[in-house]
Amino acid sequence: MDDSPKGPQHVVLVTGPSGAGRSTAINALEDFGFEAIDNIPLGLIPRLLEGPALERPLALGVDIRNRDFTVGGLLSLQSALAEQMQITPQLLYLDAAPSVLARRYSETRRRHPLAPDSAYTEGITRELSLLEQARAAADILIDTSEMSPHELRAQLATWFAGTQAQQLAVSVESFSYKRGLPQGLDMVFDCRFLDNPHWVPELRALSGLDAPVQAHVKADPRFDPFMQMVIDLALFLLPACTDEGKAHLSFGFGCTGGQHRSVTVAETVARALAEQGWQVSTRHRELERRGQAAKGVATGLDERSQA
């Protein structure tokens, strides 16, 4: 069976003056499902596109930072790709008014690549003049002068999100407070107020992955209200984070040993979010350390993968 991707390869060449939002655009396209490569030399692009189409569309950042960049070379590449039936190219140009570019450079205090030893305003003027032909040839031109990064992402979504958009990834992690908080968590909940199975001899060696431990924790009258509030909060936040352009949101649940209560809560929350259609992965840090690594919800209740 031939499993090779069908249809032409979609390639978006992203360019524009420094400070116009090119990096934001590249990151947004990556979140929309594109394979993104920034600052790629023009000469490497034809070799990159040799052979059958890739599974994902490509977003390639090309600009004056590239060692072989010329506007003529960019336009020749655009024309050459357009002549190939197996490739669908688009030239995306991010633009901004000179005064806006100057303000952004003033705020970052970075040197302009075309004026490393002089005022950044000189570099801006040179770059805009250099890119004038590329701007005129653009398939899509977005002026970011009055846009915030979030507004730019929203504008790009109208052009490129489509069916390639990747859903917000959600991770749920259990941990022990004795070993400290895991890095990178967006929200942390303390589960130590729940009834502790550690003090029940027949449950002590088990974990929150085992039904007897889960039953014990869930029997605490505070468990159900706590779960309802946490899940309601998560379901409120997740669409808002998606609208904000976040690609990932992580929740942490801690208890004393990271074995019983936090594991039970993490599993319950992950299952509830997966049932609502969210892409969820779970990790139980302390169980992993003891070689009891748990499997977490991936894209649904029956598909699980190690977080």
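For the single chain, residues carry numbers from 1 onward in sequence order.
The CD1 atom of Ile140 sits 4.0 Å away from the CD atom of Gln90 when rounded to the nearest 0.5 Å. Met147 CE to Thr24 OG1: the interatomic distance, rounded to the nearest 0.5 Å, is 11.5 Å. A distance of 9.0 Å separates CH2 in Trp159 from CG in Asp139, rounded to the nearest 0.5 Å. Rounded to the nearest 0.5 angstrom, Gln276 CD and Leu238 CG are separated by 10.0 Å. The distance from the CG atom of Leu60 to the CG atom of Leu92 is 11.5 Å, given to the nearest 0.5 Å. Note that CG of Leu194 is 9.0 Å distant from OG1 of Thr264, once rounded to the nearest 0.5 Å.
Residue Leu273 comes nearest to Ala234 through the heavy atom pair CD2-CB, 3.9 Å, listed as atom of the first residue, atom of the second, then distance. When every heavy atom of Leu156 is checked against every heavy atom of Ala25, the shortest pair comes out as CD1-CA, 3.5 Å. Scanning both residues, Ile64 and Ser18, for their nearest heavy atoms gives CD1-OG, 4.2 Å. Across Arg22 and Val62, no two heavy atoms sit closer than the pair CD-O, 4.5 Å. The shortest heavy-atom contact between Val213 and Pro197 is CG1-CG, 4.0 Å. Of all heavy-atom pairs spanning Ala36 and Glu30, the tightest one is CB-CB, 3.9 Å.
The shortest side-chain heavy-atom distance between Pro8 and Ile87 does not fall under the 4.5 Å cut-off.
Atom CD of Glu146 is surrounded by 12 or fewer heavy atoms from other residues, nucleotides or ligands within 6.0 Å.
Formation of a donor-acceptor pair under 3.5 Å by the Glu127 side chain with backbone atoms of Ile124 is not found in this model. A donor-acceptor pair under 3.5 Å is absent between the side-chain atoms of Asp210 and the main chain of Pro212, judged by distance alone. Between the side chain of Arg285 and the main chain of Ser176, a donor-acceptor pair closer than 3.5 Å is present. Remark: side-chain polar atoms of His260 are not paired, donor with acceptor, to backbone N or O of Cys255 under 3.5 angstrom. A donor-acceptor contact shorter than 3.5 Å links the side chain of Asp220 to the backbone of Asp195. Side chain of Arg104 to main chain of Gly19: a donor-acceptor pair is present (N/O by atom type, distance under 3.5 Å, no hydrogens or angles).
Pairs engaging residues 34-45 under the side chain to side chain donor-acceptor pair (under 3.5 Å) rule: Asp38-Arg65, Asn39-Asn66 [sequence neighbours left out]. Among residues at least two apart or in separate chains, ring-ring contact (aromatic ring centres under 6.0 Å, His included) pairs with a member in residues 206-238 are Phe193-Phe226.
Under a hydrophobic clustering in which Ile, Leu, Val, Met, Phe, Trp and Tyr are joined whenever their side-chain heavy atoms come within less than 4.5 Å, directly or via other members, Leu152 and Val100 fall into different clusters. Hydrophobic clustering keeps Met229 apart from Leu237 (ILVMFWY residues linked when any side-chain heavy atoms are closer than 4.5 Å, directly or through intermediates).
In this structure, a donor-acceptor pair under 3.5 Å is absent between the side chains of Gln9 and Thr88. Counted by atom type alone, Glu267 and His284 present one or more donor-acceptor pairs between their side chains at under 3.5 Å. Side-chain contact annotation: Ser171 with His248, donor-acceptor N/O pair under 3.5 Å present. A donor-acceptor pair shorter than 3.5 Å cannot be found between the side chains of Thr15 and Asp63.
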Evaluate the side-chain contact (heavy atoms from CB on, under 4.5 Å) criterion for residues Thr121 and Leu101: first the C-alpha distance (whole Å), next the side-chain angles of each, then the deciding distance (0.1 Å), finally the verdict. CA-CA 9 Å; Thr121 51; Leu101 296 174; over 6 Å; no
Assess whether side-chain contact (heavy atoms from CB on, under 4.5 Å) is satisfied between Thr144 and Ile142, documenting all intermediate values. CA-CA 6 Å; Thr144 68; Ile142 300 177; 4.3 Å; yes
Go through it in stages, so that I can follow the logic: the residues are Leu42 and Phe69, the test is side-chain contact (heavy atoms from CB on, under 4.5 Å), and I'd like the CA-CA distance, side-chain angles, deciding distance and then a yes or no. CA-CA 6 Å; Leu42 291 176; Phe69 179 84; 4.1 Å; yes
Given side chain to side chain donor-acceptor pair (under 3.5 Å), test Asp224 with Gln228 step by step and report yes or no. CA-CA 6 Å; Asp224 285 339; Gln228 190 62 55; over 6 Å; no
Quick one, Asp31 with Arg153, criterion salt bridge (charged side-chain N to carboxylate O under 4.0 Å, His left out). Give me CA distance, side-chain angles, the key distance, then yes/no. CA-CA 10 Å; Asp31 290 340; Arg153 287 181 62 95; 3.1 Å; yes
List the steps and the verdict of side-chain contact (heavy atoms from CB on, under 4.5 Å) for Val230 and Phe253. CA-CA 11 Å; Val230 170; Phe253 298 93; 3.9 Å; yes
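Its side chain within the 4.5 Å cluster rule, Phe175 clusters with Tyr177, Leu181, Leu185, Val188 among the Ile, Leu, Val, Met, Phe, Trp and Tyr residues. When hydrophobic residues (I, L, V, M, F, W, Y) are linked wherever their side-chain heavy atoms come within less than 4.5 Å, Trp199 remains an isolated member.
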Do any side-chain atoms of residues 129-138 form donor-acceptor pairs under 3.5 angstrom with protein atoms, and if so which ones, sequence neighbours left out?
residue: Arg135; atom: NE; partner: Asp95; partner atom: OD2; Å: 2.6
residue: Arg135; atom: NH2; partner: Asp95; partner atom: OD2; Å: 3.1

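By the ring-ring contact (aromatic ring centres under 6.0 Å, His included) test, Phe251 is found to be paired with no residue, residues two or more places apart in sequence or in another chain being considered.
Here the rule is side chain to side chain donor-acceptor pair (under 3.5 Å) with Thr256, and of His198, Arg261, Lys178 only Arg261 fits it.
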